[in-house]
> 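Dropping the structure in here first, questions after.
What you see is a predicted model, and the numbers here were worked out from it, not measured in a lab.
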Amino acid sequence: MRSLAALSALICLCACAPAVERHAAPTTPETSPSPTAPPPSEATEIPDTSALPPAQWLAHHAPAACWFALAETPSALGAAWPVITGQVTYLQGHRPDSVAPAWIAVEMSSFPPETQTEAWAEACAALGEEERRALAPSESWVERWDGIGNRLHSLNMAGEMMLAAAFTLEPTRGAFDTVIAQRGLDPERVTGEEIAASASSAEHITLIFEIQRRLVMMSDEDLEAWIEAVASIARGISL
């Protein structure tokens, strides 16, 4: 079984496994509903304490979170799209809004550090003043991502267990909607254990990203309650 510590380390340290399927990027259909959690650029729960310009984020924060924040800021993503598709070449021809933000983060954070540094610099250089202003408030979101990634890492439980438990909790249940829809599963009958046990590497990592996005939006009190609930529920799961 994949350990949650290993998976969260992938996210926190942006060392996503290169073996992840690279030719079937999860996409966001034109008719798909908006995510249940707002993107970082629209976060109102987290005050704007941004102190660094986006160009410096990669040196201070988890690269995966930086790419995720950019991918969830439509104007910034549009400006940086040529840089992203220059690295992830099979996305050429796709519209920025047709690819799941989590998958953009997965792919871009899977490159070697030097490649990411160069790509991030190019992406930031492509941003106009308006795009930089739209992205800048997300630094507080990215910083919180770092801390929550460390909390998930400290749980040291099998990743499948965490996914199965997260499926049962309302704050993170929506993270599974895309996988359920893409597989044509019955959302009223499928269980978290079924999804966790059969998830591909791509689905597994994307689900972890989507869950962590929702955790970032929680208050500290709600986050602590979620972590306690997941740890308790996971002890009763058998996979």
> Any side-chain heavy-atom pair from Glu160 and Leu163 closer than 4.5 angstrom?
no
> Testing the basics here: between Pro96 and Gly78, what is the closest heavy-atom pair and its distance to 0.1 Å?
CG-CA, 4.4 Å
> Find out whether Trp57 and Cys124 are in side-chain contact, i.e. whether some heavy atom of one side chain is under 4.5 Å from a heavy atom of the other.
no
> Leu169, Phe176: one ILVMFWY side-chain cluster at the under-4.5 Å cut-off?
yes
> May I ask you to test the Thr73-Ser138 pair for a side-chain heavy-atom distance under 4.5 Å?
yes
> Please say whether more than 12 non-hydrogen atoms of neighbouring residues, nucleotides or ligands are located less than 6.0 Å from CD in Gln56.
yes
> For the atom pair OG1 (Thr85) and CD1 (Ile104), what is the distance rounded to the nearest 0.5 Å?
10.0 Å
> Between the side chains of Glu224 and Arg151, is the shortest nitrogen-to-carboxylate-oxygen separation below 4.0 Å, so that they form an ion pair?
yes
> With side chain to side chain contact (heavy atoms under 4.5 Å, CB included) as the criterion, how do Met108 and Trp120 come out once you've worked through the C-alpha distance, each side chain's angles and the decisive distance to 0.1 Å?
CA-CA 9 Å; Met108 292 305 295; Trp120 184 259; over 6 Å; no
> Can Arg213 and Glu210 be counted as an ion pair, charged N to O under 4.0 angstrom?
yes
> Between His94 and Trp81, which heavy-atom pair has the shortest distance, and what is it?
O-NE1, 3.0 Å
> Taking all atoms of both residues into account, what is the closest heavy-atom pair of Met157 and Ala234, and its distance?
SD-CB, 3.9 Å
> Below 4.5 Å, heavy atoms only, C-beta onward: do Ser75 and Glu131 meet side chain to side chain?
yes
> According to the interplanar angle, ranging from 0 to 90°, do the rings of Phe209 and Trp145 count as parallel (below 30°), tilted (30 to 60°) or perpendicular (above 60°)?
tilted
> What verdict does the side chain to side chain contact (heavy atoms under 4.5 Å, CB included) test give for Ile211 and Met162, after you've listed the backbone C-alpha separation in whole Å, the side-chain angles of each residue and the deciding distance to 0.1 Å?
CA-CA 10 Å; Ile211 288 169; Met162 195 280 287; 4.3 Å; yes
> When rounded to the nearest 0.5 angstrom, what is the spacing between CG in Asp222 and CZ in Arg214?
15.0 Å
> Going only through I, L, V, M, F, W and Y residues with side-chain contacts under 4.5 Å, is there a path from Leu135 to Val83?
no
> Please answer whether the main-chain N or O of Ala175 pairs with a side-chain N or O of Thr178 as donor and acceptor at a distance below 3.5 Å.
no
> Give me the atom names and distance for the closest heavy-atom approach of Gln92 to Gly86.
NE2-CA, 4.4 Å
> When you compare the side chains of Arg183 and Ser198, does any donor N or O come within less than 3.5 Å of an acceptor on the partner?
yes
> Any ion pair linking Asp220 and Arg144 (charged N to carboxylate O, less than 4.0 Å)?
yes
> Report the C-alpha distance between Ile180 and Asp186 in whole Å, list the side-chain angles of each, state the deciding distance to 0.1 Å, and finish with yes or no for side chain to side chain contact (heavy atoms under 4.5 Å, CB included).
CA-CA 7 Å; Ile180 290 172; Asp186 183 345; over 6 Å; no
> Quick check: closest heavy atoms across Ala76 and Leu127, and the distance to 0.1 Å?
O-CD2, 3.6 Å
> Side chains of Thr206 and Trp103 only: does a donor on one sit below 3.5 Å from an acceptor on the other?
no
> Could you go through Ser109 and Phe68, starting from their C-alpha distance and side-chain angles, then the distance that decides it, and tell me whether this counts as side chain to side chain contact (heavy atoms under 4.5 Å, CB included)?
CA-CA 9 Å; Ser109 62; Phe68 205 169; over 6 Å; no
> Between Glu194 and Phe167, is there a side-chain heavy-atom distance shorter than 4.5 Å?
no
> Would a hydrophobic clustering, with Ile, Leu, Val, Met, Phe, Trp and Tyr connected at side-chain separations under 4.5 Å, put Ile208 with Val179?
yes
> Between Gln116 (side chain only) and Phe111 (backbone N and O only), is there a donor and an acceptor less than 3.5 Å apart?
yes
> Give the C-alpha distance, both sets of side-chain angles, the deciding distance and a yes or no for side-chain hydrogen bond (donor to acceptor under 3.5 Å, both in side chains) between His60 and Glu139.
CA-CA 10 Å; His60 298 272; Glu139 196 205 354; over 6 Å; no
> Any side-chain heavy atom of Leu215 sitting closer than 4.5 Å to one from Leu152?
yes
> Counting C-beta onward and ignoring hydrogens, is there a side-chain heavy-atom pair between Ile84 and Leu77 closer than 4.5 Å?
yes
> Applying salt bridge (Lys or Arg N to Asp or Glu O under 4.0 Å) as the test, list every pair that has at least one member in residues 109-125; sequence neighbours left out.
none
> One thing to verify: whether Arg132 and Glu129 come together as a salt bridge, which I'm taking to mean a side-chain N less than 4.0 angstrom from a carboxylate O.
yes
> On a heavy-atom basis, which atom in Asp146 and which in Ala62 lie closest, and how many Å separate them?
OD1-N, 3.0 Å
